Amino acid sequence: MATETLIWLVPLPPLLAFFLIVLFTNKSKALSHSIAVGAAFLSWLAAMLIFAAALGREHLGEDPFTSQINWLPTGDTFLKIGVMIDPLSAVVLFFVGWTVLMIFLYSVGYHNFGQPAGDHDHKGLPPHGATVTDEHGHKHTVLSIEPMYSRFFAFIGLFAFGMYTLVVSDNLLTLFVGWEIMGLCSYLLIGFWFAKPSARAAAIKAFMTTRVGDVFMLMGVAYLYSMTGTLSYRAIFYNEEVLHHLATTAAPLFGMSAAGLIGLLLFIGTVGKSAQWPLHIWLPDAMEGPTPVSAMIHAATMVSAGVYMVIRIFPLFTADWDHHSLTTTMSIIAFIGAFTAIFAATIAVAQNDIKKVLAYSTISQLGFMIAALGMGAYIAAAFHLVTHAFFKALLFLGSGSVIHGMEHGVMHTGDHHVDPQDMWNMGGLRKKMPITFWTFLIGGFALSGFPLVTAGFWSKDEILADAFAHGHWAILATLSIAALMTAFYTMRQITLTFFGEPRTKEAEHAHETPWTMTTPLVVLSVFAIGYGWLGIPEHFPGLGGIVPNWFHEFVGGTLIHHPEAVAFHWEPLAISLVVAFGGLGLGWVVYKDVKAGQPDPLEKPLGPLYPFLKNKWYFDEFYTYYVVGPMTWVSEVFTFQWMDRGVIDGIIHSVAQLAPAIGSFLRNWFDKPVVNELIGDGSAAVFQWLGHQLRFIQTGRLQAYLISAVATFLVVGAALYYFGF
Amino acid sequence: MIPLSWYLFLSAALFCIGLYGVLARKNAIAILLGVELMLNAVNINLVAFWRYLDPTQMGGQVFAIIVFAVAAAEVAVGLSLVISIYRTRGTVVADELDMMKW
């Protein structure tokens, strides 16, 4: 099969799986997950074949795999859609294929396949557990299977379709289509346990918040189309003429170039999708969804799609960049990225929910990538995108495994007030859950940037090196502190979860999870370590040059002007080492001896700052008061009461009152006096009067009648005679 | 031969006498007599026109005979009405028979 055909086929199996499960197989849980995992496997296989073909193609950047069809006729031309695999989409397709397949497999175990149905489980609520009696007659409470098992696989199938569509598409339109399909699936899956009010609220919050970004993004897409007449990547981003035209056309706003404004508008879409400040608020709440969803949608793929889009449009918003001082758009992007990176990292330090820590860490790491793009570090951002997708999916799946193990403990003790997600209820899990522990440790070290072995080190180091080499000191400082905090909260998380002694009975009875959950952890941890070796800088002391910097060479080909590798400096490497070891060491020292019931050791030294961080800088409260409140006022008071009730209903009511008024006027002043009295009664009166007057003719005497008859005859006869008839 | 106009004058005179009788006489029977005169005036007209204008056909004579028959029937009905009125109202004076009014 031609590679181009194969590219078209990549997104299809999950879509087919979605329809098959929804329409036919939803009664059978085993069949449904087989179809879904099988579809994910087919897509994975296709993705790997395509990746291999992409590796084997010389000059893939200049000559990518493309295929286009005419889609919508627009006058005398067609709006074309198509697929394209260039180096960037090839590496993205690679990590999407792996993470999606792993998470599909993981979901089988996570939703307790093979366990009995719950005693009183309801659709729309997480399973509560089932009571089983063993051969000795003892009753045990065990985990029960998810009541809406098939529905979950249908949704993630649809999601995978959206993500693959986004990756293989060669234009912003189908990218946007995939983007929105994922938005819908994100909404559906965050609200998967829809009987929980918090999950419902989180789903709505996620949908509404990303909607804000998407509206701007759509405006950017429309602006770009009106300027260039196409949305194809090749025709815009790989075309010097078009880029030059966009860079030299002034936009109507803020004195930017059209390229800058379009880039900014599209970037706002990413701010929503990739949960960047100030639209970050939905992502932590999205943790209400099942953990595989958090791993796939809210760490590895969908939020990465936002960054992927910014990487895609990189030639656009850097079109008017002179490679020395950043343009307005780039400064905004860099600022938002760097601020988000440090801001989310500070919040993550004070979270107790194992998934919330990872959620803020995701926001923070996405901020790293955005900041890198803002300062023009194209390769570094793409590299961090891929490595982050692997290790963050690993961490989320690991956290799901931990929660699962804790739920096992909760089932055992029967104390349902113990929150299996609260890290303060854990401790000592390394002995209970060894596979989860080691893989989580690898993921956590990759996130912290543990030197040399982990992928996260190489990608993060590259961002810092780039910032150093180009003299972006503020960004360098911000990201370094953020990286330090990253290492700190990661070690805090690992220590609280896995080290020390169990702080609750539940943690004592935690249990390793089934193979369907641990296999993905192992596979992903391989990438969390190994993928970094593909991007070791050439001049790195000792290691540089042993393995060629494949990632740089390969992905760099996506751009017309291949970006140059930054020269090696000791300073950013030193910073990387210091923040990684410093953060990890500090986290270990502070949290290694935490006992049950003890408050967070940070609470005292941080003072009033601690509740501030714990409450996420009060952003939710801020938005509730200053955004949601006014919006509610606008919709309920202004729009509903004033505009709708007052103005629109007022007009309608006035019209409604005018009609009876006209009717009553006509009745009183025309119908009654003219029609009824004058014409109706009047004619009757006239004829009555005439009758009264003429009654005297009727004498009743025969001869009088005869006389009148004769007289009439004579008169008429005379008249006829006279007039000549 | 006597010219046609003489017959027509005779007929007109007879008709006017009959008409006068119908309009002026008070007695209902006299009114009926007047009607008979008028019918006979018509008959004279019919026969005279037949004789002078179209003697080969029989139309005029036939019409005259039909008029006789009708006149006879009319007198029979008329007189019986008069008798009926006389029995109920006790009079045959036309002016007093004024039921056909408001």
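Just so it is clear, the structure is predicted and the values come from calculations on it, not from any experiment. Naming convention: chains lettered A, B, ... in sequence-line order (proteins, then strands); numbering from 1 in each chain.
Side-chain N or O atoms of A:Gln703 include one that pairs as donor or acceptor with a backbone N or O of B:Arg25 at under 3.5 Å.
Residue B:Ile31 holds its CD1 atom at 8.0 Å from CG of A:Leu706, rounded to the nearest 0.5 Å.
Heavy-atom contacts from other residues, nucleotides or ligands closer than 6.0 Å to CZ of B:Phe63 number 12 or fewer. Around CZ of A:Phe192, the count of heavy atoms belonging to other residues, nucleotides or ligands within 6.0 Å exceeds 12. Around atom CD of B:Gln61, more than 12 heavy atoms belonging to other residues, nucleotides or ligands sit under 6.0 Å away. Other residues, nucleotides and ligands contribute at most 12 non-hydrogen atoms within 6.0 Å of the CZ atom of A:Arg667. Counting heavy-atom neighbours within 6.0 Å of A:Leu714 CG, excluding the residue itself, gives a total above 12. Residue A:Tyr223 places its OH atom among more than 12 non-hydrogen atoms of other residues, nucleotides or ligands, all under 6.0 Å distant.
At a heavy-atom separation below 4.5 angstrom, chain A is approached by B:Leu19, B:Val22 within residues 11-22 of chain B.
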